Amino acid sequence: QVQLVESGGGSVQAGGSLRLSCAASGEASFYSTRTMAWFRQAPGKGREGVASFASDGNTGYADSVKGRFTISKDNSKNTLVLQMNSLKPEDTAMYYCAAMADWCAGGACYTFPQSFFPYWGQGTQVTVSS
């Protein structure tokens, strides 16, 4: 059984940084080539894809975070990381780690519907104050 557990959320002032981690438990073979992504959901809004790390190693970012966020994957630790710099109040949201069911390539995996991601973590809250 696969479990995803996020950590690293918190409260920061605008311009600050946070580093989110997602630890995946289960078989290493599940994780090594699995497309992983970060989503977020702000109060009163729908869940949106933020960044993805594809099965072919490509990364992709939503325009709203491009140049500020960096997604990375450590297969030796089964960990997905989202480094968030230059945070803005509009980045305030619950952040979720997710794993895709199928193989995905390229830089747009985070744009796939959430139904393509059957594995989800419980979320970690990020609050950015102005």
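What's counted below: heavy atoms across the whole structure, side chains too, no hydrogens, waters or symmetry copies. Model, not experiment: these values are computed from the prediction.
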Point-to-point distance, once rounded to the nearest 0.5 Å, from OG of S25 to CG of N78: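 Taking OG in S25 and CG in N78, the distance rounds to 8.5 Å.
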
L18 side, atom CG; S11 side, atom OG - distance, nearest 0.5 Å: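 The CG atom of L18 sits 8.5 Å away from the OG atom of S11.
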
How close do [X] and [Y] get, heavy atom to heavy atom, and via which atoms?
| X | Y | answer |
| --- | --- | --- |
| A54 | G106 | CB-O, 3.3 Å |
| V65 | Y61 | CG2-CB, 4.1 Å |
| A51 | L82 | CB-CD1, 4.2 Å |
| S130 | A14 | CA-CB, 4.3 Å |
| N85 | S17 | OD1-OG, 2.9 Å |

A side-chain contact here means heavy atoms from C-beta on lying under 4.5 Å apart; do [X] and [Y] qualify?
| X | Y | answer |
| --- | --- | --- |
| E90 | V128 | no |
| L4 | M36 | yes |
| F69 | L87 | yes |
| L20 | V126 | yes |
| T59 | K73 | no |

Any pair with a residue in residues 98-119 that passes side-chain hydrogen bond (donor to acceptor under 3.5 Å, both in side chains), sequence neighbours left out, goes on the list, sorted by first then second residue, please.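 Matches after skipping sequence neighbours: none remain.
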
Report yes or no: does [X] contribute a side-chain atom to a donor-acceptor pair with the main-chain N or O of [Y] at less than 3.5 Å?
| X | Y | answer |
| --- | --- | --- |
| S21 | S7 | no |
| E6 | C97 | yes |
| S55 | A105 | no |
| Q13 | S129 | no |
| K66 | G60 | no |

How does the hydrophobic cluster around M100 look, that is, which other residues are in it when side-chain heavy atoms under 4.5 Å mark a link?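 Answer for M100: F39, M94, Y96, F112, F116, F117, W120.
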
M84 vs R68, side chain to side chain contact (heavy atoms under 4.5 Å, CB included): CA-CA, chis, key distance, verdict: CA-CA 6 Å; M84 306 187 297; R68 300 187 298 120; over 6 Å; no

Are V2 and L80 joined in one hydrophobic group, where the rule is that I, L, V, M, F, W and Y side chains link up if heavy atoms are under 4.5 Å apart? yes

